[in-house]
Amino acid sequence: MIEKQVGRAGKQVGERAGRATAQQCRVTVCRGCCCGDGAKIPGVDHAGQIPRLRAALDGAAPVRASECLDVCDQANVVVVQPSADGRAAGGRPVWLGLVNDDAALADIAAWIRAGGPGLAEPPGVLDLYAFTVSRRVREQLEK
């Protein structure tokens with residue numbers, strides 16, 4: 001299934017996302033003006049990040065790309081949204097920035113496979129990646 005996401009500039013970004021269920025977290029990876037840009041963040045296989053994350057998740061959650069999440073100073077950005085059960089348990093979307101290495105992707109995937117926000121404690125190292133965004137930016141993603 002191809003899921004279309006409309007970014008800040010009004011452009012559509014198509015990525016294989018799979019079909020989310022209420023029992024799954026959802027993962028959004030920014031691929032806008034700065035995230036995924038080899039000129040801004042050299043030495044990272046940006047094109048391979050999403051396929052590697054999908055492989056590490058092994059179907060535990062769909063991964064979609066978004067045009068721009070408007071937090072360019074945190075490139076590369078990954079947002080983990082809780083499953084319905086996770087939200088009912090108090091979980092909220094977790095914004096992770098500076099996700100520029102495979103070890104971070106592995107930690108994110110392990111946390112999601114364990115249940116994600118609201119259901120499982122993230123590995124402590126993810127505290128180094130977590131950040132808070134403005135209400136305006138959060139609301140754009142949750143539309």
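Sequential numbering from 1 along the given sequence is applied to the chain's residues.
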So I108 and Y129, side-chain contact (heavy atoms from CB on, under 4.5 Å) or not? Walk me through it.
-> CA-CA 10 Å; I108 293 166; Y129 295 91; over 6 Å; no
Where the side chain of Q24 meets the backbone of G59, is there a donor-acceptor pair that is under 3.5 Å apart?
-> yes
Which atom names give the shortest non-hydrogen contact between Q81 and R64, and what distance separates them?
-> OE1-NH2, 3.5 Å
Around atom CG of D127, are there more than 12 heavy atoms of other residues, nucleotides or ligands at under 6.0 Å?
-> yes
Expected output: side-chain W111 to main-chain P123 donor-acceptor under 3.5 Å | no
Which heavy atom in G91 sits nearest to a heavy atom in P82, and how many Å separate them?
-> O-CG, 3.5 Å
Provide the closest heavy-atom pair for C34 versus N76 in the form atom of the first, atom of the second, distance.
-> O-OD1, 4.4 Å
Are any non-hydrogen side-chain atoms of C72 and C35 less than 4.5 angstrom apart?
-> no
Hphob cluster co-occupancy, L105 + V63, side-chain heavy atoms under 4.5 angstrom | yes
Taking only residues two or more places apart in sequence, or in another chain, which ones meet D45 in a salt bridge (Lys or Arg N to Asp or Glu O under 4.0 Å)?
-> R52
Donor-acceptor under 3.5 Å (Q49 side chain, V99 main chain) | yes
Side-chain contact test, heavy atoms from C-beta onward, threshold under 4.5 Å: evaluate it for V133 versus Q74 and give yes or no.
-> no
Are the side chains of R87 and R92 in touch, meaning some heavy atoms are under 4.5 Å apart?
-> yes
Hey, quick one: are L128 and I112 part of the same hydrophobic cluster, counting side-chain heavy atoms closer than 4.5 Å, chains of contacts allowed?
-> yes
Which pair of heavy atoms, one from A61 and one from C25, lies closest together, and at what distance?
-> CB-O, 3.3 Å
May I ask you to test the V78-V27 pair for a side-chain heavy-atom distance under 4.5 Å?
-> yes
same_hphob_cluster(L57, L126) at 4.5 Å side-chain heavy-atom cutoff = yes
Look at the side-chain heavy atoms of Ile, Leu, Val, Met, Phe, Trp and Tyr, link any pair under 4.5 Å apart, and say whether L96 and I50 land in one connected group.
-> yes
Any donor and acceptor pair, going by atom type alone, linking the side chain of K40 with main-chain N or O of A75 inside 3.5 Å?
-> no
So, do S83 and Q23 sit near enough that their side-chain heavy atoms are less than 4.5 Å apart?
-> no
Stepwise side-chain contact (heavy atoms from CB on, under 4.5 Å) check, F131 with V77 = CA-CA 10 Å; F131 68 98; V77 175; 4.2 Å; yes
Does A56 offer a backbone N or O that forms a donor-acceptor pair with the side chain of R113 under 3.5 Å?
-> yes
Donor-acceptor under 3.5 Å (H46 side chain, I41 main chain) = yes
